[in-house]
Amino acid sequence: MNLENTQVQMRKGILEFCILHIISRGEVYASDMLEELTSAKIMVVEGTLYPLLTRLRKAGLVEYKWVESNSGPPRKYYTITSKGQEFVSSLDNTWQELVNSTSQIITKKSK
């Protein structure tokens, strides 16, 4: 079994949750999301972010607007929708359950 592949799959499993949390804090540009995800060691591949943002938009969880830039082409800024906020709140509950369950399992001592 390949350790790196397992680590990548674990990170991918929480990527959508992390992206929704970043967007839920307020209007955000995709490169800022990428920077935060990369610094948190959640994601390092840019090609993963944009398809996920498209899926979230098509699902009605996020929306975007174009904003003119003084230093180049217009930028696409993302915000969370009310449906997205409800969705991320439900994921928060699931996350807490997973953290508690995982912690219970990994901290249990051998017999």
Side-chain angles (χ1 to χ4, degrees):
M1 193 140 199
N2 184 315
L3 175 62
E4 187 175 328
N5 286 345
T6 301
Q7 291 169 330
V8 166
Q9 290 305 312
M10 290 172 78
R11 287 183 183 104
K12 279 185 180 180
I14 60 168
L15 182 58
E16 183 176 311
F17 179 54
C18 291
I19 288 171
L20 285 169
H21 258 282
I22 292 168
I23 296 171
S24 73
R25 292 186 227 134
E27 197 172 79
V28 64
Y29 182 53
S31 68
D32 294 332
M33 283 185 254
L34 185 62
E35 184 179 312
E36 184 171 348
L37 292 165
T38 302
S39 70
K41 298 182 182 175
I42 296 294
M43 184 181 85
V44 292
V45 181
E46 184 176 336
T48 305
L49 179 61
Y50 293 101
L52 181 51
L53 288 170
T54 299
R55 284 195 309 274
L56 293 172
R57 185 187 56 77
K58 286 182 178 179
L61 303 178
V62 301
E63 55 193 12
Y64 65 83
K65 70 177 181 178
W66 289 99
V67 176
E68 291 297 324
S69 170
N70 294 333
S71 60
R75 294 177 157 200
K76 194 185 285 186
Y77 283 86
Y78 291 84
T79 55
I80 196 160
T81 63
S82 57
K83 180 180 178 182
Q85 194 60 57
E86 290 174 24
F87 190 78
V88 81
S89 292
S90 294
L91 289 179
D92 282 340
N93 294 332
T94 303
W95 177 252
Q96 281 308 309
E97 290 171 4
L98 284 169
V99 167
N100 293 338
S101 299
T102 305
S103 189
Q104 181 180 340
I105 291 169
I106 66 174
T107 59
K108 191 170 186 175
K109 302 292 181 202
S110 301
K111 293 181 180 182

**Student:** Hey, what do you get for CD1 (Ile42) to NZ (Lys12), rounding to the nearest 0.5 Å?
**Tutor:**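 Going from the CD1 atom of Ile42 to the NZ atom of Lys12 covers 13.5 Å.
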**Student:** Measure the spacing between CG of Leu98 and OG1 of Thr94 and express it to the nearest 0.5 Å.
**Tutor:**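 The distance works out to 6.5 Å.
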**Student:** Checking ring-ring contact (aromatic ring centres under 6.0 Å, His included) between Tyr29 and each of Tyr77, Trp66, Tyr78, which is the one that passes?
**Tutor:**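 Filter result, single survivor: Tyr77.
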**Student:** To the nearest 0.5 angstrom, please state how far the CG atom of Leu49 sits from the CG atom of Leu15.
**Tutor:**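 Leu49 atom CG to Leu15 atom CG measures 7.5 Å (nearest 0.5 Å).
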**Student:** Looking at Gln85, I want to see if its CD is surrounded by more than 12 non-hydrogen atoms of other residues, nucleotides or ligands under 6.0 Å.
**Tutor:**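 Buried by this count: over 12 neighbours within 6.0 Å.
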**Student:** Under 4.5 Å side-chain heavy-atom separation, chaining through any Ile, Leu, Val, Met, Phe, Trp or Tyr, what else clusters with Leu3? Say none if it is isolated.
**Tutor:**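 Result for Leu3 is none, singleton.
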**Student:** At their closest point, which heavy atom of Thr81 faces which heavy atom of Gly60, and how far apart are they?
**Tutor:**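 The answer is OG1-O, 2.6 Å.
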**Student:** How about Met10 and Thr6: do any of their side-chain heavy atoms sit closer than 4.5 Å?
**Tutor:**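 The answer is yes; the side chains approach within 4.5 Å.
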**Student:** Should Leu53 and Ile23 count as side-chain neighbours, where that means a heavy-atom distance under 4.5 Å?
**Tutor:**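 Answer yes - side chains close enough.
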**Student:** Does a sphere of radius 6.0 Å around CD in Gln96 hold more than 12 heavy atoms from other residues, nucleotides or ligands, not counting ones at 6.0 Å or beyond?
**Tutor:**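 Count over threshold, so yes.
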**Student:** So, for Pro51 and Thr48, which heavy atoms are closest and what is the spacing to 0.1 Å?
**Tutor:**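 Distance-wise, the nearest heavy atoms are CD-O, 3.5 Å.
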**Student:** At what distance, to the nearest 0.5 angstrom, does CH2 of Trp95 lie from CG of Asn100?
**Tutor:**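 Taking CH2 in Trp95 and CG in Asn100, the distance rounds to 11.0 Å.
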**Student:** Please report the closest heavy-atom contact between Glu27 and Lys65, naming both atoms and the distance.
**Tutor:**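 In this case the closest contact between Glu27 and Lys65 is OE2-CE, 2.7 Å.
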**Student:** Quick one: CE on Met33 to CD on Glu36, what's the gap to the nearest 0.5 Å?
**Tutor:**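 So the CE of Met33 and the CD of Glu36 are separated by 10.0 Å.
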**Student:** Quick one: closest heavy-atom pair of Ala59 and Lys83, and the distance?
**Tutor:**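 Heavy-atom minimum between the residues: O-NZ, 2.9 Å.
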**Student:** Kindly compute the distance separating CD1 (Ile14) from CG (Leu20), expressed to the nearest 0.5 Å.
**Tutor:**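 Going from the CD1 atom of Ile14 to the CG atom of Leu20 covers 12.5 Å.
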